[in-house]
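Hydrogens, waters and symmetry mates play no part in the numbers below; they use all other heavy atoms, side chains included.
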Protein chains: 4
Amino acid sequence: MTDSRPRRRSERARVAILEATNVLLHDHGLENLSIEEIAATAGVGKQTIYRWWPTRPALVADALLHRDDLAPLLPKDTGDVVKDLSRWAGGLAESLGSDRGAATLRMLTAAATEHPEISRRLHERFSGPLQETAYERLSAAKEIKATPAQRRHAVDAIIGGMVYKVLSHQKLTRAGAAETVRIVLRGLGASV
Amino acid sequence: MTDSRPRRRSERARVAILEATNVLLHDHGLENLSIEEIAATAGVGKQTIYRWWPTRPALVADALLHRDDLAPLLPKDTGDVVKDLSRWAGGLAESLGSDRGAATLRMLTAAATEHPEISRRLHERFSGPLQETAYERLSAAKEIKATPAQRRHAVDAIIGGMVYKVLSHQKLTRAGAAETVRIVLRGLGASV
Amino acid sequence: MTDSRPRRRSERARVAILEATNVLLHDHGLENLSIEEIAATAGVGKQTIYRWWPTRPALVADALLHRDDLAPLLPKDTGDVVKDLSRWAGGLAESLGSDRGAATLRMLTAAATEHPEISRRLHERFSGPLQETAYERLSAAKEIKATPAQRRHAVDAIIGGMVYKVLSHQKLTRAGAAETVRIVLRGLGASV
Amino acid sequence: MTDSRPRRRSERARVAILEATNVLLHDHGLENLSIEEIAATAGVGKQTIYRWWPTRPALVADALLHRDDLAPLLPKDTGDVVKDLSRWAGGLAESLGSDRGAATLRMLTAAATEHPEISRRLHERFSGPLQETAYERLSAAKEIKATPAQRRHAVDAIIGGMVYKVLSHQKLTRAGAAETVRIVLRGLGASV
DNA sequence: GGCTAAGCGAGACGGTACGTCCTGTCTTTAC
DNA sequence: GTAAAGACAGGACGTACCGTCTCGCTTAGCC
């Protein structure tokens, strides 16, 4: 796979900018993030940032995409769909329920709000795979009789339930997430 | 009932500010909202805004709270909990699924992200009553055997499922919302 | 002699305002003097200041006029005009040459610059009597043959020489002032 | 001769700012001069002003220094010191005695009052050369027997006498200035 | 191996908005 | 009926950043 980035672009500068952005996002939050401080922190001219990223949200999205601690969890397939998805949701809840995870989720949400294109790219990387893997595990469960649309709604209810708790500052626990999974799957006809 | 707002505050200015904020939120979006323009539009000095609202998100929150087109829907009680909540969710989906509703929801979410206190107030006015009324309708359903915690998770899955669809730019339809309600309620033991 | 000030005016407030103005003039200087701080320091409403003084320079002028440490020195008449005016100028130099005196002189000058009417009133109280008393002592000296205009120019050269030294941050000493007096009086025909 | 100003500074902006300042000084006076209006008039960002001038008086001083109609007069040396200095003082009186000259002198004085550093720079450019050239002409006069200190006092009396008349809103005429010069020089031993 | 053009750091520029301070007017309440 | 208190519309302050623009320097990529 070839790199489509223009030649002559300084890899050093690119990485420094993305890392500075992540550091400053964490330190000051999305609202107080300035291009000027990113440039200073990265030891880079402002123009170098403007040369490669059209808008601030685009840079934020790239920076978040550049993080390597946000690899999506994959549900196992042990044959027991309820157990598998409960564990998967539990792991996710633990991650999103932590202070750091919640802050990141809120930031992602706000960044997505700023620009539809950003929203699309973040979805492609984060919520998309999340939905997709859960949907696939669900589809692999023979005992569940449901239309694809119903399975989609079920996945969205599970993920949305967790996201909603984080965004509204409610507690999100491993047990709560597992319980939600049990309710939804039972609703799809699984025996719990 | 006495007014607990500080005495001598100009009601004229207060209302003009909130209305200008709503107009400009609609016209330019949250990102391009400036206090200066609000003041100019409202025919008010900037200081009058800063005197009464500590931060921009606080003003945005108040402005959104001041809107009278966001009255929460109340689920009826016809005896059939599935039908009642499906209708309720359908109405909600219609409201949140519209362009205007979706934009407002994203704005509310972003504003809530900026400051925890704002988040609390918006929750108190919007998501809180939403959750509460759904929870109460659910609790009134004798045929459902579930713990209070399970009912809470169910409500969050339903609302969260809708909110999540809006935030991730998926279609949110009346039918989809009703389907989610059916899945979740069946998961709580309702006969659907 | 009756007081021409309007009846019912609060003497307490009037004095508090003038004294607060002098204190703040001394502490922050003319440039950083604000009506608001004067009102707060004097324990007075702003309106009370605006009711009785039309402009800030007018208040400053009144405040300076209210000071009792600026009584003009009177030259004695011992029969020796050179000695008398030298001593008088020496005393004046000592007063204007001190840090406090120089600061006050600069403030008076700047205040006079702001408004012609203020200038007139300050002149009437400060530089006027200064010129007048010196002029009279000079006129009383029989040995000096000079036209009234020449005497005026002489007085202005003496006072102006001192003021100029202060305004241009040169040293102003008792001896220097006396020397200037000797030069000017000899120029008028006095034997020195 | 190299330019010691920082490199890359825009000469266009610098000149536009100084000229706008002079225009607005003339139109509104020192008291009503705002940085904001200077920036707007000069077609410049406010920051560009604040980048190069620390305070408003510093800018005013530079603007006044930038004027080319304030070149100091040089006294001629025809051999007759009284005539030379009388003419010189007469020219100065005409300049300072005009409405425009008096306004400028008052402005200079007020600006100098605001900040000692400003005072120093204005002195260096205006009163310094004035004093210096007069002092030199005086020193070149062989018929005058006087110490250097006496000559300094004499010069200050002449200049101070004129400045004082302007500041205290007295008439300053060509004839009056010449008369003052005659008095002072006779006081130094010149034959008049 | 030398030439040359792009990319780079630096940072000044014309601007916009910030949040603060103060102006001079006004209204309310207390004495 | 004057005073203290303080909210109000307005406007300037000095700061922080925006996104654009030059300036020299460095360096990669082609002759």
Distance test, side-chain N/O of A:W52 to OP1/OP2 of E:dC8, below 4.0 Å: yes
message: Measuring to OP1 and OP2 of F:dT2, would you say a side-chain N or O of C:R51 lies under 4.0 angstrom away?
response: no
message: Would you say B:R8 places a side-chain N or O within less than 4.0 Å of OP1 or OP2 belonging to E:dT29?
response: no
- request: Quick one: list whatever passes salt bridge (charged side-chain N to carboxylate O under 4.0 Å, His left out) with D:E124, sequence neighbours left out.
  value: D:R120
- request: Ignoring backbone atoms, establish whether D:T48 has a side-chain N or O less than 4.0 Å from OP1 or OP2 of E:dA12.
  value: no
task: Would you indicate which nucleotide in E:dC13, F:dA5, F:dA4 comes nearest to any side-chain atom of D:R9?
output: E:dC13
- request: Within residues 18-46 of chain C, find the residues that approach DNA chain E with a heavy atom at under 4.0 Å, and present them sorted by residue number.
  value: C:S34, C:I35, C:E36, C:K46
Cation-pi geometry met for A:R9 and A:W52 (6.0 Å, 45°): yes
query: Just how far, in rounded Å, is C1' of F:dA7 from CD1 of B:I49?
result: 14 Å
- line: In terms of heavy-atom contacts, A:E114 and A:L30 come closest through OE2-CD2, 3.5 Å
- prompt: When the distance from CH2 of A:W53 to P of E:dG7 is rounded to whole Å, what number comes out?
  reply: 14 Å
field: Proximal nucleotide (of E:dC26, E:dT27, E:dC22) relative to the B:Q47 side chain
entry: E:dC22
message: The criterion is salt bridge (charged side-chain N to carboxylate O under 4.0 Å, His left out); which residues satisfy it with D:R67, sequence neighbours excluded?
response: D:D69
task: Look at the side chain of C:T109 and the backbone N and O of C:L105, then say whether any donor-acceptor pair between them is shorter than 3.5 Å.
output: yes
- request: Map D:A13 and B:Y50 onto DNA chain E by nearest heavy atom, then report which one ends up closer to the 5' terminus.
  value: D:A13
- request: May I have the distance from D:R14 (atom CZ) to E:dC13 (atom P), rounded to whole angstrom?
  value: 12 Å
task: Begin with the C-alpha distance, continue with both residues' side-chain angles, and end with the deciding distance and a verdict on side chain to side chain donor-acceptor pair (under 3.5 Å) for C:H123 and D:S168.
output: CA-CA 7 Å; C:H123 176 76; D:S168 59; 4.8 Å; no
- request: Respond yes when some side-chain nitrogen or oxygen of C:R12 is under 4.0 Å from OP1 or OP2 of F:dA4, and no when none is.
  value: yes
query: Does C:R56 place a side-chain N or O at less than 4.0 Å from the phosphate oxygens OP1/OP2 of E:dT23?
result: no
- prompt: Can you name the nearest heavy-atom pair linking D:I118 to D:A58, along with the distance?
  reply: CD1-CA, 3.4 Å
